[in-house]
Amino acid sequence: MKKHFWITIASCLSLFLTLFIPSNIHAQAESSHIEKIDGTFIQPWLYMTYDEEQWDNEMQALKEVGIDYLIMGDVANHNSDGTWTVYYPSKLDYLSDYIAYDALEPLLYYCEKYDIKLYLGMGLDCAWNSDIVSEAGRKANQTYMKQCNEITTELYNQYKSRYPNTYYGFYFVTELYNTLYMDTDTGIDAYADSLDEMFTMVIENCNALDESMPLLFSPYVNIFGYGYASVNIDRFTEYWSDVLSRIPFRNGDMICPQDSCGGGGMDVAHLAEWTKAYQNAVDRSNKNRGTTLLLGTNAEMFVQPDAERMTAPHGVSYSGIKNVRDFTTRLETAKPFVDALFCFAYPHHYQCH
């Protein structure tokens, strides 16, 4: 068994280096200052058919790069047509008819086996349109957060007692971004007030369940604007300082922004400047709030799909993959400003098996 394991690891490493590291940059990759990745996301479609051997291979590979935390956000997704896609055996009346399969039990089991901590999502409204300022938008988001709390409570009651050391934290799935509301004082105030309302509903429920379990969320950024995003870094810093100061974050909660270099909203040349802006906002808010919100980075390992990949047969990745030098360069760039290194997503893009 041990012989087979080491042969597998050697084969994976050889394939990994061949595919992702051109020979002329082996030295740079080997001299990377990134010694470990703290955590990664994982999605249920990847492991839905895993057998025991595949699970062991997966988890051993994660441990090899130092991963201590997994984030699985897809527990229950509210689709734009009003249906749900649910990945655990829910008894909630609006979810129970839409169960796809149980993606949580095997994930929790193997996370426990390999001593990996798991953040679970709180439910996602896939049609969320970021309208949190209008009266109708605020009411819709109150309903949304109520559903998140119901889902989180059910997950906690179903899994925490059975996996007390593995079910580690809560993942706020909705992806925030550098909205145009950042460009005016009234816009910042309105958006910050609405986000405070949303997060406070969720955090109060988390505290009622288990105040020791941290909350993590992962906004993205688009520094090129494209007509929907603010490109003013000073306003960006002011906005996040205000938002994070208002929300009652606890010690150990984390904002873990996507570096957005895979999705096309950021490039390596600007990454340090904008990560520093997040750090400034977090530091200011911690001083104002009196608790320690952590800052992570979530390095994207994919390349935004092109036309050829979008028409590829099912089963072939619709995204390209960032090479190792690009990936480690971004982690090294962000590392001086952050408390933790996460990525999206090591199992999906860098696993050879």
Side-chain angles (χ1 to χ4, degrees), residues 16-17 19-22 25 28-43 46 58 61-74 116-119 121 169 171-173 175-178 216-224 236 240 254-279 281-282 293-305 317-352:
F16 180 80
L17 294 174
L19 289 177
F20 298 113
I21 309 181
I25 62 168
Q28 294 96 313
E30 290 172 359
S31 63
S32 168
H33 296 133
I34 302 302
E35 298 177 354
K36 72 186 296 292
I37 303 168
D38 296 299
T40 182
F41 286 74
I42 193 169
Q43 294 174 299
L46 178 73
E58 183 75 64
L62 296 179
K63 297 297 286 188
E64 283 287 318
V65 294
I67 287 173
D68 295 316
Y69 303 96
L70 275 180
I71 302 171
M72 212 295 271
D74 298 287
I116 292 177
K117 308 298 184 186
L118 183 63
Y119 287 87
Y171 173 54
F172 184 87
V173 188
E175 296 183 355
L176 309 174
Y177 63 94
N178 51 317
L216 183 149
F217 68 108
S218 187
Y220 67 93
V221 68
N222 190 323
I223 68 168
F224 307 112
F236 177 86
W240 277 114
M254 183 184 295
I255 176 173
C256 190
Q258 303 164 47
D259 72 6
S260 301
C261 290
M266 175 67 72
D267 56 27
V268 176
H270 295 89
L271 182 59
E273 179 184 17
W274 285 78
T275 308
K276 176 63 175 175
Y278 275 117
Q279 183 191 48
V282 169
L293 176 69
L294 302 176
L295 173 63
T297 188
N298 177 11
E300 294 176 340
M301 305 177 79
F302 58 86
V303 179
Q304 191 74 356
S317 175
Y318 293 124
S319 295
I321 301 173
K322 292 283 190 181
N323 65 47
V324 172
R325 186 167 77 169
D326 182 294
F327 176 58
T328 57
T329 295
R330 287 182 284 121
L331 290 176
E332 288 174 344
T333 300
K335 187 177 180 180
F337 308 107
V338 303
D339 302 295
L341 303 176
F342 281 74
C343 62
F344 188 100
Y346 191 87
H348 294 260
H349 298 108
Y350 275 12
Q351 292 285 50
C352 64

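Below, all heavy atoms of this structure are taken into account, side chains as well, without hydrogens, waters or symmetry copies.
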Separation between [atom1] of [X] and [atom2] of [Y], rounded to the nearest 0.5 Å:
X    : Y    : atom1 : atom2 : result
I223 : S260 : CD1   : OG    : 9.0 Å
E35  : K335 : CD    : NZ    : 6.0 Å
M301 : R330 : CE    : CZ    : 8.5 Å
D38  : C256 : CG    : SG    : 9.0 Å

Would you call [X] and [Y] a side-chain contact if the rule is heavy atoms closer than 4.5 Å?
X    : Y    : value
I37  : L62  : no
F172 : L216 : no
L46  : E58  : yes
M72  : L118 : yes
L70  : T40  : yes
I116 : D68  : no
P219 : Y177 : no
D267 : F224 : yes

Between [X] (side chain) and [Y] (backbone), is there a donor-acceptor pair under 3.5 Å?
X    : Y    : result
D326 : T329 : no
E300 : G263 : yes
Q258 : S218 : yes
T333 : A272 : no

Verdict with reasoning, N222 to N178, per side-chain contact (heavy atoms from CB on, under 4.5 Å): CA-CA 7 Å; N222 190 323; N178 51 317; 4.2 Å; yes

Geometric class of the W240/F217 ring pair [parallel <30°, tilted 30-60°, perpendicular >60°]: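 Rings of F217 and W240: tilted, as their planes differ by 30° to 60°.
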
Parallel, tilted or perpendicular: ring planes of Y119 versus F342, cut at 30 and 60 degrees: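 Plane angle over 60°, so perpendicular.
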
D259-T297 side chain donor-acceptor pair, cut-off 3.5 Å: no

Quick one: closest heavy-atom pair of [X] and [Y], and the distance?
X    : Y    : value
V268 : C261 : N-SG, 4.2 Å
M254 : A340 : CE-CB, 3.8 Å
K36  : G66  : NZ-O, 2.8 Å

The single option from L295, N298, L294 passing side chain to side chain contact (heavy atoms under 4.5 Å, CB included) against I255: L295

side-chain contact (heavy atoms from CB on, under 4.5 Å) between Q279 and V338, worked out: CA-CA 7 Å; Q279 183 191 48; V338 303; over 6 Å; no

